[in-house]
Colleague: 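This is the structure, below, for whatever I ask next.
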Amino acid sequence: MKLRDVAHSRTGDKGNTSNISVIAYRPEDFSRIRELVTAERVRAQLEGLTPIQVTRYELPKLGALNFVITGALGGGVTRSLALDAHGKALSSILLDLDL
Amino acid sequence: MRSVRLGAGAGYSGDRIEPAVDLAVSGELDYLVFECLAERTIALAQGARQADPDAGYDPLLDERIRAVLPVASRNRTRIISNMGAANPLAAARRIGSIAREFGLALKVAAVTGDDVLHVVTSGNWPIEEAGGRISELGDRLLSANAYLGAAPIVEALAAGADVVITGRVADPALFLAPMIHEFGWAFDDWARLGQGTLIGHLLECAGQVTGGYFADPGRKDVSNLARLGFPIAEVRADGEAVITKLPGTGGAVTAATCKEQLLYEIHDPAAYFQPDLTADFSDASVEEIAPDRVRILGGRGRRHNGALKVSVGYLDGWIGEGEISYAGPGAVARGRLAIEIVRERLAITGVNLSEVRADLIGLNSLYPGASQAQPPEVRIRIAGRAQTKAEALRVGNEVETLYTNGPAGGGGASKTARHAIAVVSVLIPRELARPRVEILETTS
C-alpha cells in the first residue's frame with residue numbers, strides 16, 4: 001500500500017525550506033500514518049534532495065502531519081536553477097511512499 | 001452576533017479576473033481582498049519606479065480595478081490590495097483617476113512605509129537562513145521591504161477609505177485588518193488575532209482553498225476547475241468563521257481542501273511568524289457543516305516577538321537555459337549524450353558559469369531520484385548561472401547547436417536568458433518601520 005492510498009498532501013516553500021503536509025483522508029487512518037510516516041522515513045523517501053533535515057509536526061485535530069525539510073530547494077525559488085524551483089512536485093513524490 | 005463577509009479576489013499577481021468579478025457582483029461582500037505580491041515582485045517594481053516615478057505598482061492593477069470598482073462601489077464593498085507593490089501612492093493616484101472616469105466619489109488610501117532600504121543598508125543586518133551580512137550584497141542590493149501588519153490598513157478603514165492599497169504587508173494581515181476594524185478587536189487580543197490570521201491564511205491564495213491545486217483524478221476529483229469560484233469567509237465577531245464560495249461556481253470547499261491550505265507554507269504550526277503576533281494553528285479544526293461550507297475554529301496566538309521580517313531583493317547575475325527533445329527507443333541515451341556534449345562545449349569554449357544544472361524532463365527534472373524508466377520521449381534542459389547576459393546566452397546557444405552537431409533526432413530546441421533577482425530575509429526591530437497612511441479623495 002502507498003501513502004497515496006490513505007492520505008493527501010500539498011507542498012509549500014519559504015526560502016530554501018520546503019514543507020509537505022500529509023493529511024489522512026479518514027480520521028481512523030491517522031494513528032497508523034503517524035506511526036509509520038516518521039521524519040526518518042520521509043528523509044529517506046526524499047534522499048535525492050541533499051542535504052536535508054526533516055522535522056515533523058503533528059496536528060491530530062486535522063488528522064495531519066507537517067514535514068519541514070530544510071535545505072531542500074537548491075537555494076529557494078528565487079535562486080534555484082531547478083525547473084520546479086518551488087519544489088511544488090515534492091508532495092507527489094512523498095505520497096509514493098510504501099506503507 | 002455581527003458578522004462580516006470577506007472575499008479573496010486573487011491569490012497571486014497573474015490570477016484569473018472573472019472569479020473576483022463574480023464575487024463583487026454576487027458575493028454580498030463587505031470586503032474584497034486581492035493578494036498579488038510575490039517575493040520578487042517588489043524588487044522588479046523598484047526598478048520600474050526608478051525609471052518612472054508614476055510606475056512600480058502591479059501591471060494588472062488597471063485591468064483588475066476596472067473590472068470590479070464600479071460594481072464594488074455600488075454594492076458598498078471595500079477593496080484592499082497589496083497591488084501597490086513598490087509604489088502604493090502612484091497606485092492610489094491611478095485608482096483615483098479610474099474612479100473619476102467611472103464618475104465615482106471614493107476615498108483611496110495608500111499605505112506606505114514598508115520600504116526600509118535605508119534601515120537595512122545602514123544596519124548591516126545578518127541574513128536569515130542563507131547566512132552572511134547585507135553588506136556582502138554590495139551594489140547588487142535592489143530593495144528591502146518590511147512585512148507590515150494590519151494596523152495601517154485598520155487606520156485607513158477607520159478614516160473611511162473605500163479602497164486601501166499597500167505595498168508589502170503580511171498576506172493574512174490584508175484580511176485580518178477588516179476583522180479588527182469591524183469588530184474592534186484589540187491589538188493584544190491574541191486569541192482573536194490568531195483566529196483572524198488563520199482565516200486570512202486560508203483565504204490568501206484564493207482558489208487554493210476552494211478546490212484549486214487539489215485535484216488528483218480518481219482520488220480527489222474536483223468539478224469545473226475552469227470556472228473555479230474564489231472563497232468567501234463569513235466571520236463572526238467572536239472569530240468563528242465559515243469558508244464558502246458562490247453557488248454555481250466550480251470547485252469545492254471541503255474539510256480536505258481547507259486542511260491542505262491550512263498547512264500550506266506553514267512550518268511549526270504552533271509558531272506562525274506574523275508582524276502582529278505569533279499565530280498558533282496547532283489546535284485548529286475544520287468541520288463540514290453543509291455542502292461547500294466549512295466551519296473554521298481554533299486559531300490562537302500570542303504576543304509577537306518584536307521583529308519584522310524584511311524581504312531583501314538583489315541582483316543575482318544571469319540565468320541561461322536551453323532545452324531540446326528526443327523521442328522513441330534510445331531517447332534517454334541520446335538525451336544523456338546531449339547533456340554530456342553541452343557540458344563539454346561550455347567547458348572548452350570557456351563559458352564562465354558558477355553553477356550548471358542538467359535535467360531530463362520526463363525522467364528526473366522534478367525529483368532527482370535515479371529512475372531507470374525508458375519514457376517514449378524526454379526533453380533535456382540545461383540551466384547555468386553567469387555574471388553576464390552574454391555568457392548566459394551561450395548556454396542556450398550550445399543546446400541549440402545540437403540540432404546540427406548533436407545526437408540524432410533532436411527537436412524543438414528553445415533558449416532563454418534572464419536577469420536573476422533573488423530574495424533573502426533579514427529581521428529588524430518592528431519600531432524601525434514607520435507605516436503611513438495617505439488618503440486621496442475623488443469627487444464624482
Colleague: Tell me if a side-chain donor or acceptor on N145(B) pairs with a main-chain N or O of S311(B) at a distance below 3.5 Å.
Modeller: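 No; judged by distance alone, with no hydrogens or angles, the pair does not exist.
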Colleague: Atom CD1 in I324(B), atom CD1 in I361(B): separation rounded to 0.5 Å?
Modeller: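 CD1 of I361(B) is found 12.0 Å from CD1 of I324(B).
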Colleague: Looking at V356(B), L366(B), D359(B), which has the largest count of heavy-atom pairs under 4.5 Å with chain A?
Modeller: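 Most heavy-atom pairs within the cutoff with chain A belong to L366(B).
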Colleague: Please look at S18(A) and chain B and tell me whether the side chain, the backbone, both or neither of the residue comes under 4.5 angstrom of a heavy atom of that chain.
Modeller: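 Neither; nothing under 4.5 Å.
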Colleague: Between D283(B) and chain A, which part of the residue has a heavy atom less than 4.5 Å away: side chain, backbone, both or neither?
Modeller: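 For D283(B), backbone and side chain are both near chain A.
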Colleague: Given that the side chain runs from C-beta out, which part of E355(B) has a heavy atom under 4.5 Å from chain A: side chain, backbone, both or neither?
Modeller: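 When you check distances to chain A, atoms from both the backbone and side chain of E355(B) fall under 4.5 Å.
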Colleague: Answer with yes or no after comparing the ring centroid distance for F214(B) and H8(A) against a 6.0 Å cut-off, counting only values under it.
Modeller: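 Yes, close enough.
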Colleague: What part of I20(A) gets within 4.5 angstrom of chain B, counting heavy atoms only: side chain, backbone, both, or neither?
Modeller: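 Contact with chain B involves no heavy atom of I20(A) at all.
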Colleague: Specify which of K220(B), R219(B), K259(B), Q261(B) makes the most heavy-atom pairs with chain A at under 4.5 Å.
Modeller: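 The residue among K220(B), R219(B), K259(B), Q261(B) with the greatest pair count is R219(B).
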Colleague: Do the two ring centres, one from H267(B) and one from Y272(B), sit under 6.0 Å apart?
Modeller: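 Aromatic pair excluded; centres sit 6.0 Å or further apart.
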Colleague: Any chance you could measure D171(B), atom CG, to E204(B), atom CD, to the nearest 0.5 Å?
Modeller: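 Spacing of CG (D171(B)) from CD (E204(B)) equals 4.5 Å.
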Colleague: Based on non-hydrogen pairs under 4.5 Å, which of T55(A), T11(A), V68(A) is most in contact with chain B?
Modeller: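 If we count pairs closer than 4.5 Å to chain B, V68(A) comes out on top.
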Colleague: Under a 4.5 Å heavy-atom cut-off, does chain A meet the side chain of L263(B), its backbone, both or neither?
Modeller: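 Both backbone and side chain.
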Colleague: I need the residue from V424(B), I266(B), N364(B) with the largest number of non-hydrogen atom pairs under 4.5 Å to chain A.
Modeller: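 Among the listed options, the one with the most contacts to chain A is I266(B).
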Colleague: Using heavy-atom distances under 4.5 Å, tell me whether Q208(B) contacts chain A through its side chain, its backbone, both, or neither.
Modeller: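 Both backbone and side chain.
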Colleague: Identify which part of F67(A) has an atom lying under 4.5 Å from any heavy atom of chain B, answering side chain, backbone, both or neither.
Modeller: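 Contact with chain B: none, neither part.
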Colleague: Quick one: what part of I23(A) sits under 4.5 Å from any heavy atom of chain B, side chain, backbone, both or neither?
Modeller: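 For I23(A), the contact with chain B is made by the side chain alone.
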Colleague: Is it the side chain or the backbone of E321(B) that comes within 4.5 Å of chain A heavy atoms, both, or neither?
Modeller: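 Neither part.
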Colleague: Please answer whether the main-chain N or O of R10(A) pairs with a side-chain N or O of S21(A) as donor and acceptor at a distance below 3.5 Å.
Modeller: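 Here the side-chain-to-backbone pair exists.
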Colleague: Can you tell which part of A130(B) gets under 4.5 Å to a heavy atom of chain A, answering side chain, backbone, both or neither?
Modeller: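 Looking at A130(B), nothing touches chain A.
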Colleague: What part of R40(B) gets within 4.5 angstrom of chain A, counting heavy atoms only: side chain, backbone, both, or neither?
Modeller: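 Side chain only.
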Colleague: Quick one: what part of S91(A) sits under 4.5 Å from any heavy atom of chain B, side chain, backbone, both or neither?
Modeller: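 Contact with chain B involves no heavy atom of S91(A) at all.
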Colleague: So for Y213(B), is it side chain, backbone, both, or neither that comes closer than 4.5 Å to the heavy atoms of chain A?
Modeller: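 Both parts, backbone and side chain.
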Colleague: What residue among L65(A), N66(A), V42(A), V22(A) forms side chain to side chain contact (heavy atoms under 4.5 Å, CB included) with R56(A)?
Modeller: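 Going through the options one by one, the only one that passes is L65(A).
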Colleague: Below 4.5 Å from any heavy atom of chain A, which atoms of A284(B) appear? Answer side chain, backbone, both or neither.
Modeller: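 Backbone only.
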Colleague: Less than 4.5 Å to any heavy atom of chain A: does that hold for the side chain of D316(B), its backbone, both, or neither?
Modeller: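 The side chain, not the backbone.
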Colleague: Less than 4.5 Å to any heavy atom of chain B: does that hold for the side chain of I93(A), its backbone, both, or neither?
Modeller: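 The side chain, not the backbone.
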Colleague: Is it the backbone or the side chain of A82(A) that comes under 4.5 Å from a heavy atom of chain B, or both, or neither?
Modeller: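 For A82(A), the contact with chain B is made by backbone and side chain together.
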Colleague: Side chains of T17(A) and E129(B) only: does a donor on one sit below 3.5 Å from an acceptor on the other?
Modeller: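 On atom types as modelled, these side chains qualify, holding a pair under 3.5 Å.
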Colleague: Side chain from CB out, backbone as N, CA, C, O: work out which of these in E39(B) comes under 4.5 Å of a heavy atom of chain A, or both, or neither.
Modeller: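 The side chain, not the backbone.
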Colleague: Can you tell me which portion of I69(A) sits under 4.5 Å from chain B's heavy atoms? Options are side chain, backbone, both or neither.
Modeller: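 Neither; nothing under 4.5 Å.
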Colleague: Taking all non-hydrogen atoms of both residues, which atom of C258(B) and which atom of V253(B) are closest, and how far apart?
Modeller: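 Answer, listing the atom of C258(B) first, then V253(B): SG-CG1, 4.0 Å.
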Colleague: Donor-acceptor pair, distance only, cut-off 3.5 Å: does the side chain of R357(B) make one with the backbone of S80(A)?
Modeller: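 Absent.
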Colleague: Going from CD1 on I33(A) to CZ on R26(A), what distance comes out if it is rounded to the nearest 0.5 angstrom?
Modeller: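 It is 9.5 Å, given to the nearest 0.5 Å.
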Colleague: Taking D5(A) for its side chain and M1(A) for its backbone only, find out whether a donor-acceptor pair lies under 3.5 Å.
Modeller: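 Looks like no, no N/O pair under 3.5 Å.
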Colleague: With rounding to the nearest 0.5 Å, note down the distance linking CG in L262(B) to NE2 in H201(B).
Modeller: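 The CG atom of L262(B) sits 5.5 Å away from the NE2 atom of H201(B).
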Colleague: To check you understand the geometry: which heavy-atom pair defines the closest contact between Q195(B) and L297(B), and what is its length?
Modeller: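 Minimum heavy-atom separation between Q195(B) and L297(B): OE1-C, 3.7 Å.
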